Amino acid sequence: MKLRADFSQRVVIDTNSLAWVDSPLPGVQRRMLDRDGDEIAKATSIVQYAANSYFSPHTHGGGEEFLVLSGTFSDDLGDYPVGTYVRNPCGSSHRPFSRDGCIILVKLWQMDPADQTRVVIRTSEQPWVPGLVPGLNVMPLHTFGTENVALVKWEPGTQFQTHRHWGGEEIYVLAGVFADEQGTYPAGAWLRNPPNSTHTPFSPTGCTIWVKTGHLDIGTNINK
Ligand SMILES: [Fe+2]
Ligand SMILES: [Fe+2]
């Protein structure tokens, strides 16, 4: 399956408008954002676990990265409540489940195999640091090579400068409304801005976004 698999294309999706599609596991459904492959795929998805649902034990051949959007995700290593950011490096394995149900934003097979750091950050307990312009606050989550992941909080009326994404940029709007010269993006919007693209973002009403940059030309393309 190829779904929005050409990373040179800009993509904007209101993820709330996508249908939930059953996964092979009972109680586990997903909204596919991008996908290159079948059950083993380079993929970005929003995955919903019903209460008391279990996913099969598996090894992350290409790494796994996720942000818990609601509820609590769990595996044999611990519990990850809403707001937790997790990176399971290439070669790691676990057995995920959820007691009370949860929704996560998850990326598979898009991690540098040399990046072997397991990351677990409860963002609700982490400090924000001032960003590059007034009104902007940043919570760095991870950096490896050209890849950068952070939460960014925009106070109402914050205007950022025009900038270029050499390695692309991906944004998920967690709260509020994010905007740039091409549109406005409410909570649940997912954007993928291709390598070498530019934009001038702002937020009239304020927002909190998950941002990942410098990664769209790395990772393993398992079907090529
Ligand atoms: Fe996993
Ligand atoms: Fe940007």
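Count residues from 1 along the sequence. All of these numbers come straight from a predicted model, not from anything done at the bench. Counting starts at 1 for both ligands and their atoms, following the listed order.
Checked by atom type and distance alone, the side chain of Arg30 never pairs as donor or acceptor with a backbone atom of Asp22 at under 3.5 Å. Panel note: side chain Asp75, backbone Leu77; a donor-acceptor pair is recorded below 3.5 Å.
In this structure, Leu151 is a member of the same hydrophobic cluster as Ile121, with clusters built from ILVMFWY side-chain heavy atoms closer than 4.5 Å.
Rounded to 10 degrees, the NE2-metal-NE2 angle spanning His199 and His163 at the Fe ion (ligand 2) equals 100°. Considering the Fe ion (ligand 1) as centre, the angle to NE2 of His94 and to NE2 of His60 is 90° (10° rounding).
Within a 6.0 Å sphere centred on CZ of Arg95, heavy atoms belonging to other residues, nucleotides or ligands number 12 at most.
Residue Glu169: an N/O/S atom is found under 2.8 Å from the Fe ion (ligand 2).
When distances from the Fe ion (ligand 1) to the N, O or S atoms of His58 are compared, NE2 comes out shortest. When the N, O or S atoms of Glu64 are ranked by distance to the Fe ion (ligand 1), OE2 comes first.
Aromatic rings of Phe55 and Phe97 (six-membered ring for Trp) have centroids beyond the 6.0 Å cut-off, not under it.
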